[in-house]
Amino acid sequence: MEANAVENNAVENNTVENNTVKNNTVEKNTISHYSLGELEAKFLAALRAAGRDPEHLHQEDLAGADEFHIGGIKSTEDLARGAGIHSGSHVLDVGSGIGGPARLFAQRFGAKVNGVDLTPEFVQVARLLTERTGLSGQVTFNQGSALALPFGDDEFDVATMLHVGMNIDDKAALFAEVFRVLKPGGVFAVYDVMQMVDDEPTYPLPWSTVPADSFVCSPMEYSEGLEAAGFAVDSERNRRDFGIAFMERGQARAAEKGPSPLGPLLVLGPDGPPRMANLLAAFRTGILAPVEIFARKP
């Protein structure tokens, strides 16, 4: 009996250690993927090229520049309304990037927001833009892992995650951490690109250049994982048609006027157009789709 217990403990310890090593590798690859270098200088130069004053910014000046997910501001607002974000809400934005959704939750909905992102360069730019838009009193950013959130238990009314899960393999750890930091009754609002059929999309994609670094899952896998973490899944919405229309409008504008200096190329780099084209193709064929899921901590 004792020998079996020791053996089981050893297996569990090895599993935990292997998962930790794997998660560390995934996170290092993610940071490398998104760290282009000199993002702050490039962003400020792009603002000037668009005729905006980087020293005196309003959140509206960043429209289209700091929402690097399908649907932009409209999808962020939809997610906020679905999650019930309002004045007085304390919101955690998981994978906050350069801070667009977090600032929108603060400015348009009156929320207090903490963002956390793995990539130091993103956090640096998020803090800069938040300071220059005068929102530092409502919005703060931490550099850290979604698998070890730097917050206490039961802190937040709402947690949001927009186009982040595709870079996270260990979704069980992710969902468990979000569950931990939400207050009872708190809402977890997810808006990720998800796998709709078994076919493989063409790479590169915005979040990964190769399949080995992509961790896209189906809506069913998300729902099952959320429920295993303790959540009750309230609703799910496939936004494929919305996503296709949004991307096609962007393509048409770029064809007519050229790429915007404040467009996704800022973050995606020079190979942004083929990445976005591959994503649009995957939406059109039904392989992938942007999906909303709302879950609640009992």
Side-chain angles (χ1 to χ4, degrees), residues 12 16 19-20 23 69 75-97 99-118 135 137-192 194 215 217-239 290-298:
E12 290 177 5
V16 170
N19 285 344
T20 299
N23 289 337
H69 49 268
S75 60
T76 307
E77 290 180 331
D78 290 347
L79 199 73
R81 293 190 180 98
I85 294 174
H86 57 79
S87 178
S89 294
H90 191 189
V91 178
L92 170 65
D93 188 28
V94 180
S96 47
R103 286 187 293 273
L104 185 146
F105 298 150
Q107 189 210 31
R108 299 198 181 182
F109 294 87
K112 175 185 176 184
V113 189
N114 290 89
V116 62
D117 200 277
L118 192 62
L135 291 169
Q138 286 177 264
V139 186
T140 59
F141 296 95
N142 295 78
Q143 192 276 325
S145 169
L147 308 183
L149 292 168
F151 306 104
D153 297 352
D154 304 336
E155 280 200 30
F156 297 94
D157 302 299
V158 175
T160 59
M161 185 172 79
L162 295 88
H163 287 26
V164 174
M166 304 93 73
N167 285 117
I168 299 177
D169 183 24
D170 194 349
K171 290 183 176 59
L174 164 67
F175 296 158
E177 272 294 272
V178 174
F179 187 89
R180 178 183 66 80
V181 302
L182 276 175
K183 298 175 183 177
V187 174
F188 185 21
V190 177
Y191 180 52
D192 273 352
M194 300 188 190
F215 306 102
C217 292
S218 69
M220 181 177 292
E221 288 173 305
Y222 271 77
S223 292
E224 290 176 347
L226 288 163
E227 289 171 351
F231 286 100
V233 176
D234 290 339
S235 66
E236 172 190 313
R237 178 165 64 151
N238 184 326
R239 307 214 65 185
V291 178
E292 288 178 346
I293 296 178
F294 294 94
R296 188 175 302 273
K297 179 177 178 177

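Side chains included, hydrogens not; waters and symmetry mates left out as well; all remaining heavy atoms used.
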field: Set of salt bridge (Lys or Arg N to Asp or Glu O under 4.0 Å) partners for D157, sequence neighbours left out
entry: K183

- line: One should read off an interatomic distance between K171 NZ and M166 CE, to the nearest 0.5 angstrom, of 9.0 Å

task: For the pair L174 and D170, evaluate side-chain contact (heavy atoms from CB on, under 4.5 Å) and give the outcome as yes or no after the intermediate values.
output: CA-CA 6 Å; L174 164 67; D170 194 349; over 6 Å; no

query: Taking only residues two or more places apart in sequence or in another chain, which ones pass ring pair (Phe, Tyr, Trp, His ring centres under 6.0 Å) with F109?
result: none

statement: On a heavy-atom basis, the closest approach of A229 and A176 is CB-N, 4.1 Å

field: Partners passing side-chain hydrogen bond (donor to acceptor under 3.5 Å, both in side chains) against E221 (at least two apart in sequence or in another chain)
entry: S218

- prompt: Please, which pairs that meet side chain to side chain donor-acceptor pair (under 3.5 Å) have at least one residue in residues 223-234, sequence neighbours excluded?
  reply: D234-R296

message: List the residues meeting side-chain hydrogen bond (donor to acceptor under 3.5 Å, both in side chains) with Q138, not counting sequence neighbours, and say none if there are none.
response: none

task: Any pair with a residue in residues 141-150 that passes salt bridge (Lys or Arg N to Asp or Glu O under 4.0 Å), sequence neighbours left out, goes on the list, sorted by first then second residue, please.
output: none

- prompt: For the residue pair V190 and L79, what are the closest heavy atoms and their distance?
  reply: O-CD1, 3.9 Å

- request: Could you give me the CA-CA distance, side-chain angles and deciding distance for D78 and R239, then say whether side-chain contact (heavy atoms from CB on, under 4.5 Å) is met?
  value: CA-CA 11 Å; D78 290 347; R239 307 214 65 185; 2.8 Å; yes

Distance, nearest 0.5 Å, that separates CZ of R108 from CZ of R81: 8.5 Å

- prompt: For N167, which residues count as a side-chain hydrogen bond (donor to acceptor under 3.5 Å, both in side chains) partner, sequence neighbours excluded?
  reply: Y34

- request: Report the C-alpha separation of F215 and D169 in whole Å, then their side-chain angles, then the decisive distance to 0.1 Å, and conclude whether the side-chain contact (heavy atoms from CB on, under 4.5 Å) test is met.
  value: CA-CA 5 Å; F215 306 102; D169 183 24; 3.5 Å; yes

Value rounded to 0.5 Å, distance of CG in L92 from CZ in F188: 8.5 Å

query: Got a second to check how far H86's NE2 is from F105's CZ, nearest 0.5 Å?
result: 13.5 Å

query: Got a sec, which residues hit ring pair (Phe, Tyr, Trp, His ring centres under 6.0 Å) with Y191, two or more places apart in sequence or on another chain?
result: H163

field: Minimum heavy-atom distance V139-A106, with the two atoms named
entry: CG2-CB, 3.4 Å

query: For the atom pair CZ (R103) and CG (L135), what is the distance rounded to the nearest 0.5 Å?
result: 7.5 Å

- prompt: Any sub-3.5 Å donor-acceptor pair from N142's side-chain atoms to V116's backbone N or O?
  reply: no

Would you give me the side-chain donor-acceptor pairs under 3.5 Å for residues 145-155, sequence neighbours excluded?
{"from": "S145", "atom 1": "OG", "to": "E27", "atom 2": "OE2", "distance (Å)": "2.5"}
{"from": "S145", "atom 1": "OG", "to": "L147", "atom 2": "N", "distance (Å)": "2.9"}
{"from": "D153", "atom 1": "OD1", "to": "R180", "atom 2": "NH1", "distance (Å)": "2.9"}
{"from": "D154", "atom 1": "OD1", "to": "K297", "atom 2": "NZ", "distance (Å)": "2.9"}
{"from": "E155", "atom 1": "OE2", "to": "G152", "atom 2": "N", "distance (Å)": "2.6"}

Listed partners of H90 passing ring pair (Phe, Tyr, Trp, His ring centres under 6.0 Å), at least two apart: F156

statement: Hits for side-chain hydrogen bond (donor to acceptor under 3.5 Å, both in side chains) against S96, two or more places apart or cross-chain, chain-then-number order -> none

query: Are F175 and F231 close enough that their ring centres sit under 6.0 Å apart?
result: no

query: Minimum heavy-atom separation for G84 to S89, with atom names?
result: O-OG, 4.0 Å

query: Quick one: CG on D192 to CD on E292, what's the gap to the nearest 0.5 Å?
result: 11.0 Å

Nearest heavy-atom neighbours spanning G95 and D117: C-OD2, 3.2 Å

task: Work out which heavy atom in D93 is nearest to a heavy atom in A102; give both atom names and the distance.
output: OD2-N, 4.0 Å

